[in-house]
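Scroll down for the structure; my scribbles are underneath it.
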Number of protein chains: 2
Amino acid sequence: MPRVVPAVIRALDILELFLDRSQLSARDVAERLALPRTTVHELLVTLVARSYLISVPGQPVEYRLGLPLFQLGSAFAGRLDLVREAQSVARDVAAACNEAVHVAVLDGADVVYLVKVDSTHPVRMVSGVGLRLPAHCTAVGKVLLAGLDRPALNAVLAGGALAGMTADSITDPDRLREHLERVRAEGVAVDNGESDTAMRCVAAAVRDHSGATVAAMSLSAPIIRWTPAGHEEWAGLVREGAATLSARMGFVATPR
Amino acid sequence: MPRVVPAVIRALDILELFLDRSQLSARDVAERLALPRTTVHELLVTLVARSYLISVPGQPVEYRLGLPLFQLGSAFAGRLDLVREAQSVARDVAAACNEAVHVAVLDGADVVYLVKVDSTHPVRMVSGVGLRLPAHCTAVGKVLLAGLDRPALNAVLAGGALAGMTADSITDPDRLREHLERVRAEGVAVDNGESDTAMRCVAAAVRDHSGATVAAMSLSAPIIRWTPAGHEEWAGLVREGAATLSARMGFVATPR
DNA sequence: TCGCTCCGTTCGAAATTTCGAACCAAGGTT
DNA sequence: AACCTTGGTTCGAAATTTCGAACGGAGCGA
């Protein structure tokens with residue numbers, strides 16, 4: 001196996017710092033990555049030369065992500081049937097319930113949101129797309145984990161105790177395994193304040209032609225609008241939406 | 001000014017090859033970039049190690065773009081007020097005319113599409129986002145070029161004859177300058193088959209708080225649905241939509 | 001089966017990059 | 001004004017990477 005190119009790794013490390021912060025100075029970067037100042041300047045100059053970062057004049061100069069990343073990200077998404085189909089299905093589901101609808105995929109022990117459709121409230125549509133959260137704290141994540149086979153799930157949970165996002169998050173791997181059994185049985189997962197104490201979510205699995213769980217669709221609302229009756233209706237809607245998207249991904253439901 | 005890091009440049013060059021092709025082999029990459037095979041393998045291994053590229057098993061192995069690019073691209077878009085506001089305005093305009101609406105920005109001599117909202121036809125919403133086209137062949141591009149001052153426009157046109165996308169494209173810089181005078185006078189630009197012989201577009205400028213043209217909004221339809229009456233109505237709609245988005249970007253219209 | 005081409009990988013000398021030391025400018029404090 | 005800290009930049013020896021040569025495997029055609 002050929003060796004990795006450390007300079008490239010460092011450049012990617014720098015780009016990824018900007019996932020959490022919109023602007024950073026050279027000093028910020030050097031501190032966060034424990035790199036020498038000169039090295040950081042050379043890498044930043046390189047990324048700016050290709051517009052992957054944009055420099056913001058000031059004292060100190062700061063940097064922001066640049067347009068080429070948007071182009072590459074869009075190229076990625078544009079080639080993913082899942083994203084294209086999920087956009088329209090999610091819009092239909094959101095229109096039916098007037099709450100936010102998301103579609104996410106599993107990446108390691110996290111979920112990454114590919115699609116978000118908000119309700120008719122003031123639109124902040126793009127903000128959650130691309131976001132990464134711990135799978136075990138989210139309804140979509142629990143659906144995705146429930147779809148893993150035993151060895152894959154064990155690999156994800158191999159790190160021992162799980163970090164919670166709120167006091168309600170499940171942090172014990174064995175408890176999560178029991179919970180996922182229930183998710184499998186019911187076909188939906190619920191986030192009862194585990195990722196955000198003020199939110200409630202319900203999610204269902206999206207499957208592809210082979211029957212594998214490849215994504216999860218969720219419906220989420222602030223707790224002030226969450227009711228038992230609403231919950232039942234929303235579970236039904238998200239099940240239908242996920243089934244529609246699954247059909248578009250080639251899934252053929254068989255009687256069970 | 002610190003030196004650029006050539007290994008990083010080469011890695012970015014590789015990523016950018018995937019804007020035009022969804023899958024490429026190591027040999028493809030080596031040929032397109034005139035790099036030694038071993039160098040290419042080391043760079044590919046590095047990008048795969050960080051999931052920026054995904055390897056597709058086969059003979060030969062091929063590579064595709066990976067999820068982190070989507071995350072970085074989404075982070076870029078999520079921090080751009082223009083994208084957030086343009087999503088909702090474009091949706092309203094698209095709903096009013098049931099044709100495709102785009103918002104694009106100028107990058108060098110090209111436009112890059114930030115937002116695309118399709119009509120109620122079978123949805124292929126994401127496909128044009130992130131796409132780069134020559135500015136002078138598109139309605140949005142002509143609006144954006146018209147908004148440049150003379151030195152900036154001269155810099156863009158410094159390369160002499162322009163490459164056309166169709167037989168209708170303007171390829172003579174002087175003719176384009178005349179055309180842009182007309183765009184400035186009318187406040188809208190038209191693409192009469194200059195980027196795609198089967199399409200017609202009309203576009204208007206989006207301005208920010210300083211009055212600068214920062215983006216362009218367009219409405220496009222296939223030629224079979226393009227009529228003089230429709231053209232007038234659509235020019236009006238795109239003007240209104242651009243004005244709404246401009247207001248959201250802080251533009252205050254002054255009497256002229 | 002054999003021969004050939006292509007592909008993935010390994011290894012180390014030559015080529016290139018890294019990063020510490022040094023310099024200068026800008027900004028802030030006394 | 002003087003001093004100190006921070007930030008951007010330069011330069012070259014030491015450290016690291018590049019890439020040609022070589023190897024072995026896979027696939028294809030005769």
Side-chain angles (χ1 to χ4, degrees), chain A residues 1-69 79, chain B residues 1-69 79:
Chain A
M1 185 56 77
R3 296 171 204 134
V4 298
V5 182
V8 174
I9 295 285
R10 288 191 282 265
L12 299 178
D13 282 338
I14 290 179
L15 289 177
E16 287 169 22
L17 288 179
F18 291 84
L19 289 174
D20 298 321
R21 295 288 309 267
S22 61
Q23 278 191 189
L24 290 162
S25 67
R27 183 199 183 101
D28 295 330
V29 171
E31 283 178 355
R32 284 157 193 257
L33 297 180
L35 289 175
R37 276 173 63 216
T38 312
T39 303
V40 167
H41 276 285
E42 285 169 337
L43 291 166
L44 290 173
V45 159
T46 304
L47 292 167
V48 167
R50 295 296 294 263
S51 303
Y52 282 76
L53 291 179
I54 303 296
S55 61
V56 182
Q59 188 63 236
V61 171
E62 294 201 318
Y63 301 87
R64 318 175 59 107
L65 294 177
L67 192 59
L69 293 163
R79 291 179 192 140
Chain B
M1 186 56 78
R3 296 173 205 133
V4 297
V5 182
V8 174
I9 295 283
R10 287 191 282 266
L12 300 178
D13 282 338
I14 290 178
L15 288 177
E16 286 171 21
L17 288 179
F18 291 85
L19 289 174
D20 298 322
R21 295 289 308 268
S22 61
Q23 277 189 191
L24 291 161
S25 67
R27 182 198 184 106
D28 295 331
V29 170
E31 283 178 354
R32 284 157 192 256
L33 296 181
L35 288 175
R37 276 176 62 218
T38 313
T39 303
V40 167
H41 276 285
E42 285 168 338
L43 290 166
L44 290 173
V45 158
T46 303
L47 292 168
V48 168
R50 296 296 292 263
S51 304
Y52 282 76
L53 292 179
I54 304 296
S55 63
V56 182
Q59 186 64 235
V61 172
E62 294 200 319
Y63 302 85
R64 315 174 62 103
L65 294 177
L67 194 58
L69 292 163
R79 292 180 191 139

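Every chain is numbered from 1, with letters handed out A, B, ... down the list of sequences. Just the heavy atoms: all of them, side chains too, but no hydrogens, waters or symmetry mates, feed the values below.
- Heavy-atom nearest nucleotides on DNA chain D were determined for A:V4 and for A:E62, and the one closer to the 5' end corresponds to A:E62.
- Each of D:dC19, D:dG12, D:dT9 was ranked by its minimum atom distance to the side chain of A:R37; first place goes to D:dT9.
- Residue B:T38 has its side chain nearest to D:dA21 when only D:dT9, C:dA26, D:dA21 are considered.
- Here B:R27 reaches the OP1 or OP2 of C:dC7: one of its side-chain N or O atoms lies under 4.0 Å away.
- In this structure, the CG atom of B:L35 is 11 Å from the C1' atom of D:dT18, given to the nearest Å.
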Exercise for review: Take B:D13 and A:R50 through the salt bridge (Lys or Arg N to Asp or Glu O under 4.0 Å) test and state the conclusion after the steps.
Suggested key: CA-CA 9 Å; B:D13 282 338; A:R50 295 296 294 263; 2.8 Å; yes
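- Among the nucleotides D:dT17, C:dT16, D:dT18, the one closest to any side-chain atom of A:P6 is D:dT17.
- Ranked by how close their nearest DNA chain C nucleotide is to the 5' end, A:Q59 and A:L43 are led by A:L43.
- With hydrogens and angles ignored, the 3.5 Å screen pairs a side-chain donor or acceptor of A:T46 with a backbone N or O of A:E42.
- In this structure, CZ of A:R3 is placed 12 Å from P of C:dA13, rounded to the nearest angstrom.
- Across all non-hydrogen atoms, the minimal contact from B:A7 to A:V8 is O-CG2, 3.6 Å.
- Side-chain proximity of B:T39 to D:dG27, D:dC19, D:dA22: nearest is D:dC19.
- Between A:Y63 and B:P36, the residue anchored nearer the 5' end of DNA chain D, judged by the nucleotide with its closest heavy atom, is A:Y63.
- Distance B:H41 NE2 to D:dT17 C1': 17 Å, rounded to the nearest Å.
- Taking each heavy atom of A:A26 and A:Y63 in turn, the nearest pair found is N-CE1, 4.1 Å.
- The nucleotide whose nearest atom lies closest to any side-chain atom of B:A7 is, among C:dT9, D:dT18, D:dG20, D:dT18.
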